[in-house]
Amino acid sequence: MLKFAANNSEIAADTPDAVRYNRIRRWLEIGDFVLGLGFLLGMVLTGWSGQLRDWAYRAAFQNYTLAVLLYVVMLLALAKLVSLALDYSGFRLECRYQLSNQRLRAWLKDEAKGFIVTFVIAAIVVELLYFVIRQYPENWWLITWALFMVLFIAMAQLAPLILFPIFYKFEPLEDEELKRRLVRLSEQAGTRVRGVYKWNLSEKSKKANAALTGLGNTRRIILADTLLDNYTPDEIEAVLAHELGHHVHRHILKSIIVQAGITLLGFWAANWALHYSVDHHFFEQLSDFANLPLLALVSVVLSFLLMPALNAFSRFNERQADRYAFESIASVGPFVSSMNKLATQNLAERTPSKWVEWFFHSHPSISRRLAAAESWNRSHAVS
Ligand SMILES: [Zn+2]
């Protein structure tokens with residue numbers, strides 16, 4: 001333990017590659033956001049959205065429900081067209097820094113799958129939304145909020161079974177030694193996770209990752225094969241302990257509760273924006289689905305404004321999960337080495353600038369997590 005403390009006092013500096021890669025990635029993210037904002041504003045202010053609605057009506061023989069569906073397809077297709085160049089740049093960036101295992105063909109296939117999945121979910125959500133607006137123009141925002149929360153919880157539960165397998169293969173973890181360690185960790189915590197799955201991330205990426213997903217009986221820990229293949233059992237145990245920390249501290253439930261509050265605020269603001277737009281003759285009535293870009297705009301702006309707060313909440317949870325890991329494993333050494341390996345493998349910035357971490361990062365920086373491990377070790381290294 002003492003030896004480890006001595007080893008860890010210096011944290012490796014970020015390589016120029018890591019700094020550049022992360023800077024470009026951030027700019028792509030910002031570009032994507034600005035472009036999305038411009039697209040939605042343009043749709044609302046120029047009247048193009050109304051034009052799209054008229055086409056949808058004509059093609060749907062004036063049937064409202066079918067017109068909504070056609071409008072959603074056209075809007076999503078346009079949005080995809082607008083963001084395609086940036087999406088492709090993101091793919092090229094991963095290739096340039098040797099982080100991708102995908103060829104262009106496979107990437108395009110994933111993009112197509114992503115579009116279809118988005119369309120199916122959007123179609124259900126938007127049809128439901130305008131159905132409620134038409135039936136209950138007074139309280140639509142409260143009713144839709146309640147319905148969305150039900151959908152949201154159902155999605156959280158079903159995602160590991162239906163959504164994730166569309167993009168990745170998963171199989172139950174076979175490794176007996178790791179299973180034994182997980183059972184020991186779980187018993188220590190007095191809890192039970194339904195399963196641990198191997199996540200075949202390597203067919204797409206060289207990066208490593210792990211997560212806790214699902215709700216109730218779909219709750220599971222997923223470990224990327226890129227992690228399983230390159231990390232020692234002690235290091236994998238440290239990662240498992242961190243994920244178990246999320247489970248023990250009920251982070252998924254807490255996130256859903258926070259999300260429920262934000263969504264309520266979002267619907268309240270959307271209702272205000274819709275009434276404003278009708279009062280000022282942008283749209284004729286609330287149920288005019290050409291106002292969909294306006295609703296999306298409210299959600300995008302709100303997410304942007306709340307991002308620092310949500311990321312701070314997430315970082316708080318991550319620190320809690322890290323502390324849980326320190327307490328459950330025999331020594332923090334493997335935690336430290338796994339973090340260092342992850343940083344190198346994922347080309348992560350170990351010490352990003354303060355404001356970048358504050359605004360963009362859902363996890364504390366690697367240097368902070370290592371410092372926390374070291375400080376925990378110092379205060380608990382009694383023997
Ligand atoms: Zn975590």
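In each ligand, atom 1 is the first atom listed, and ligand 1 is the first ligand listed. In what follows, residues are counted from 1 in the order of the sequence shown.
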So, is His363 placed with an N/O/S atom under 2.8 Å from the Zn ion (ligand 1), counting both backbone and side chain?
-> no

Mind checking side chain to side chain donor-acceptor pair (under 3.5 Å) for Gln102 and listing every partner two or more places apart, or none if nothing turns up?
-> Asp110

At the Zn ion (ligand 1), what is the angle formed between atom NE2 of His242 and atom NE2 of His246, rounded to the nearest 10°?
-> 90°

More than 12 non-hydrogen atoms from neighbouring residues, nucleotides or ligands closer than 6.0 Å to CD on Gln51, yes or no?
-> yes

Using the ring of Tyr64 (Phe, Tyr or Trp, six-membered ring only), decide whether Arg134 places NZ or CZ under 6.0 Å from its centre and within 45 degrees of its axis.
-> yes

Under the ring pair (Phe, Tyr, Trp, His ring centres under 6.0 Å) rule, collect the residues that match up with His251, sequence neighbours excluded.
-> His246, His249

Kindly confirm whether the Zn ion (ligand 1) is within less than 2.8 Å of some N/O/S atom in Glu318?
-> yes

